[in-house]
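Only a predicted model underlies this, so the values are computations on that prediction, with no experimental measurement involved. In what follows, every chain begins at residue 1, and chains take the letters A, B, ... in the order their sequences are listed.
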Number of protein chains: 2
Amino acid sequence: MTRFKIGELAQAANVPRDTIRYYERTGLLSPPERTSSGYRLYDQSDVDRMRFIRAAQSLDFTLAETKSLLELKASDHAKASDILAVTLAKLDQAKLKVERLGHIREILQKLADACPQDAATDACPILDFLSNGDFVELGSKEQKTSKMERTTTLTTRRELT
Amino acid sequence: MTRFKIGELAQAANVPRDTIRYYERTGLLSPPERTSSGYRLYDQSDVDRMRFIRAAQSLDFTLAETKSLLELKASDHAKASDILAVTLAKLDQAKLKVERLGHIREILQKLADACPQDAATDACPILDFLSNGDFVELGSKEQKTSKMERTTTLTTRRELT
DNA sequence: ATAACCCTTGGACCATGGTCCAAGGTCAAG
DNA sequence: CTTGACCTTGGACCATGGTCCAAGGGTTAT
């Protein structure tokens, strides 16, 4: 198995080196072996893992979700239904976002169509719309994370759960 | 004109007091008058402004964009076409996002449909998809503001621009 | 007059996903 | 032996839109 240093993995995965170290810090990549002088050593499986992460990212999975997926993948007591659950949650999110953005698109399109370009701003239907507090009710952008118990965590490194 | 303190404006606009002070800090709200003891004093026009901001937010305008819109609204040399330009840019963004998320939705739907819930994770088409580096090409989530590509040389020197 | 609220400030902190830096160690070529 | 490319670390910083806190002063009701 060919081993290589972080620069090469960075090239193969098309990300900056810092991103790889960041993924390691957050637990997405496990601490790699090191040369006697402390250089990180990677192999093809790490390239695969990086590609997995990037693919998941491209489907809007967060790094925390991606971490879960990787853990499920590595687990032998996990079932496909566990993966499916994560996927369905993401699918749901995507549907809601498409719906919300589609609505925004419609509104903006109508307002733009109705806007007489050469008029003063007073006659602009867009400003009217915003001023009249007609406000788009549709789920908010993000669903909120329930607030966490903030015990005195001095010097705790952020780790994905 | 009835004047009131920050708590009442917060109630009227349905936001926390801190958000109002935050908007003031960032220039979305101009510094209000103060009582002799330093309390901020607001009136109906501030309620309207807050509603404008929330309406713009609901259409995915950022606070910076909203600030521009408010400035254009207040300006007397601004034309409706200036507002239109901001709106069209946002419309474009919405279209791209709808397209991207629609694509994601399709992929996730297909993968979910193909997933045999009772199988081991080895047989999961979702993990296959992610492992095979099939990665969704469609604009990234955010368009980035001139990113410095510091892809270190690694055998190939790059000229500074 | 004293509790119960309201208000003020500056600054720290939250999530998310990185990005950059300085100070220093390592390694191969010339 | 020096140069240059590469690597290490901890920590600061970026954008975005807030949220929370402590320490202190102001106002209102009893």
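Residues A/D60 and B/L101 meet the side-chain proximity criterion, which asks for heavy atoms closer than 4.5 Å. The closest side-chain heavy-atom distance from B/C124 to A/K73 is not below 4.5 Å. Put simply, the side chain of B/Y42 does not reach to within 4.5 Å of the side chain of B/V47, judged on heavy atoms. Taking the side chain as every heavy atom from C-beta outward, A/I53 and A/L70 approach each other to under 4.5 Å.
Rounded to an integer number of Å, the gap from B/E33 CD to C/dC7 P is 17 Å. Counting to the nearest Å, the P atom of D/dG18 and the CZ atom of B/R17 are 16 Å from each other. Atom CG of A/L9 is separated from atom P of D/dT8 by 11 Å (rounded to the nearest Å). Here the P atom of nucleotide D/dT19 and the CG atom of B/D18 are 8 Å apart, to the nearest Å. For B/I20 and D/dG17, the CD1 to P distance is 17 Å, given to the nearest whole Å. As rounded to whole Å, 9 Å separates atom P of D/dT27 from atom NZ of B/K5. Distance CD (B/E8) to C1' (C/dC5): 14 Å, rounded to an integer number of Å. Between A/F4 atom CZ and D/dC7 atom C1' there is a gap of 16 Å when expressed in whole angstrom units.
Note that CD of A/E8 is 13.0 Å distant from CZ of A/R3, once rounded to the nearest 0.5 Å. The distance from the CG atom of A/L127 to the OG1 atom of B/T87 is 8.0 Å, given to the nearest 0.5 Å.
A salt bridge links A/R21 with A/D18: at least one charged nitrogen is closer than 4.0 Å to a carboxylate oxygen.
Taking only side-chain atoms of A/L63, from C-beta outward, the nucleotide of C/dG17, D/dG17, C/dT9 with the closest atom is C/dG17. Among D/dC6, D/dG18, D/dG25, the nucleotide with an atom closest to any side-chain atom of B/Q57 is D/dG18. Out of C/dC27, C/dG17, C/dT8, the shortest distance to the side chain of B/R34 is found at C/dT8. Here D/dT9 is the nucleotide among D/dT19, D/dT9, C/dT8 with the atom lying nearest to any side-chain atom of A/R40. When each of C/dT8, C/dC27, C/dG18 is scored by its nearest atom to the side-chain atoms of B/I6, the top-ranked nucleotide is C/dT8. Nearest to the side chain of A/Y39, among C/dG18, C/dG25, D/dG25, sits C/dG25.
Residue whose closest nucleotide on DNA chain C sits further toward the 5' end, between A/S36 and A/F61: A/F61.
For C/dT8, the OP1/OP2 oxygens have no side-chain nitrogen or oxygen of B/S37 closer than 4.0 Å. Not one side-chain nitrogen or oxygen of B/T35 sits closer than 4.0 Å to the OP1 or OP2 atom of D/dG26.
In the region residues 21-31 of chain B, proximity to DNA chain D at under 4.0 angstrom, judged on heavy atoms, holds for B/Y22, B/Y23, B/R25.
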